[in-house]
Amino acid sequence: MPETFPNRPTKAIIDHTALVENVRSIREFIGPGTKFMAVVKANAYGHGAIECSQTLEKAGVEWFGVATLEEAHELRKNGIASPITCFGSVWPGQETAFFEHFVIPAIFSLETAKRLDEAAAKCGVEARVHLKLDTGMGRVGLRFDELEGFLQAIAELRHLRITGLMTHFAAADDLSQADFTGLQIARFKSSLELLRKAGIEPEVVDLANSPGAVVYPESRGKMVRIGGIMYGLGDDVLPREAPGPKLKPVLSLVTKVAMVKRINVGESIGYGRSYTAEREVTAAVLPIGYNDGYCRALSGLSDVLIRGKRCRVLGRISMDWITVDATAIPNIEAGEEVVLIGSSGDETITAAELAGISGSISYEITCGLGSRVPRIHIK
Ligand SMILES: *Cc1c(COP(=O)(O)O)cnc(C)c1O
């Protein structure tokens, strides 16, 4: 983004006070004695990983979680010194970079364990790894019922040390599947026993993501891995029926009106002419589109806020523009402020509301904000 000329007014505002408040609120809800891993993968769910991690480290979170080595490296380059676990794979050739940048890989196969052991021997270091178990997610993770064989096989690997045991819940956000989450917790507990019998006492033990940490106290272990709710994305992540911490949305998405125009009866708006005016409309054209992450599936269905009033998107969302119905806003002019996610007056539009319309979840809405949307960090 060139800094020599004023920016387009489409911006994501990141409220660091809300971020720190959410961490404090979640910690208070969970109670003392549990470490807090801040999950900042995917550019901190679209919020800006570097700036958010710097704030979170100052606020005292003990650990960071990322999805790729590249994400971890980005944090290290920007001064993050806390332990980092990388949930993604150790792709062949990445081994020494993990050691160099003190990034702990979550591993889930014997092949990777052997490769890391061999690389560690060559570098004269110890490869510290977290073992990721599949207790029912059916995604990456060593099958819990293959742990015993795995432990026998790695016993001879002298340069590899398991310092953490983790698993991931498939449905902790759904109380009707509480039995299944219970089963995952039970499988994890017996796996931990097996590990201990093999003489391995992991420094961290972690099962819980956001809904796990809030809803299942027995899943909190020695550490919780918190992503969504830390960013205030609680609405569609936590079951409504269960008590939870007070959360504030961290991100708002704003822009300004680029153009106001009259649309006469019978005239259409946008690609495909999917909207035709049945009355005279005052339309406001906004400089945001699907490339900014305002997804096309919201066409004709979502609202934006102008002066605290909801204004409906009219016609198709295009790559760079949307048009909204501003008939109810007297004397509206170009330059008027618009909120697409966030609050204006007494009205609020959440990422979860947009996700509900587009058939997704709030995480995908914030992750999906385009790279040309500057993140403005308010500290
Ligand atoms: C993304 C992720 C989390 C965080 O989940 P939230 O629901 O955002 O809290 C935790 N653990 C693992 C392994 C993850 O991949």
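Excluded from the calculations below are hydrogen atoms, water molecules and symmetry mates; all remaining heavy atoms, backbone and side chain alike, are included. Read the numbers this way: they start at 1 and go in the same order the structure lists the ligands and their atoms. Being a predicted model, the structure only gives us computed values, none of them experimental.
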Enquirer: Among all protein heavy atoms, pick the one closest to atom 9 (O) of ligand 1 and tell me residue, atom and distance.
Expert: S210 OG, 2.5 Å
Enquirer: Run D236 and T350 through side chain to side chain contact (heavy atoms under 4.5 Å, CB included) and show every step you take.
Expert: CA-CA 10 Å; D236 58 352; T350 61; over 6 Å; no
Enquirer: For ligand 1, is there an N or O atom under 3.5 Å from any N or O atom of R225?
Expert: yes
Enquirer: Do ligand 1 and F87 have nitrogen or oxygen atoms that lie under 3.5 Å from each other?
Expert: no
Enquirer: Could you tell me how the ring of F169 sits relative to the ring of Y216: parallel (under 30°), tilted (30 to 60°) or perpendicular (over 60°)?
Expert: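 Ring orientation, 0 to 90° scale: tilted.
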Enquirer: Give me the residue, atom name and distance of the protein heavy atom closest to atom 12 (C) of ligand 1.
Expert: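 Checked against all protein heavy atoms, atom 12 (C) of ligand 1 sits closest to H168 CE1, 3.3 Å.
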Enquirer: Any idea which protein heavy atom is nearest atom 6 (P) of ligand 1, and the distance to it?
Expert: Y363 OH, 3.4 Å
Enquirer: Just to verify, which of V140, L131, L142 counts as forming a side-chain contact (heavy atoms from CB on, under 4.5 Å) with I107?
Expert: L131
Enquirer: Below the 3.5 angstrom mark, is there an N/O of P211, backbone or side chain, next to an N/O of ligand 1?
Expert: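 No: no nitrogen or oxygen of P211 is under 3.5 Å from one in ligand 1.
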Enquirer: Which atom names give the shortest non-hydrogen contact between D235 and R240, and what distance separates them?
Expert: O-NH2, 4.0 Å
Enquirer: Would you give the length of the straight line joining atom CG of L305 to atom OG1 of T348, rounded to the nearest 0.5 angstrom?
Expert: 7.5 Å
Enquirer: Using every non-hydrogen atom in the two residues, find where I329 and I306 come nearest and quote the distance to one decimal.
Expert: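 Heavy atoms of I329 and I306 come nearest at CD1-O, 3.5 Å.
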Enquirer: Looking only at non-hydrogen atoms, which of H130, K41, M37 approaches atom 2 (C) of ligand 1 most closely?
Expert: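 Heavy atom nearest to atom 2 (C) of ligand 1 belongs to K41.
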Enquirer: I need the atoms of ligand 1 closer than 4.0 Å to a non-hydrogen atom of G228, numbered in the order shown.
Expert: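 Per the distance check, 6 (P), 8 (O), 9 (O).
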Enquirer: To check your reading of the model: name the closest protein heavy atom to atom 4 (C) of ligand 1, its residue, and the distance in Å.
Expert: Y45 OH, 3.4 Å
Enquirer: Treat each ILVMFWY residue as a node, draw an edge where side-chain heavy atoms are under 4.5 Å apart, and state whether Y290 and V313 are in one component.
Expert: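 In one cluster with Y290: V313, yes.
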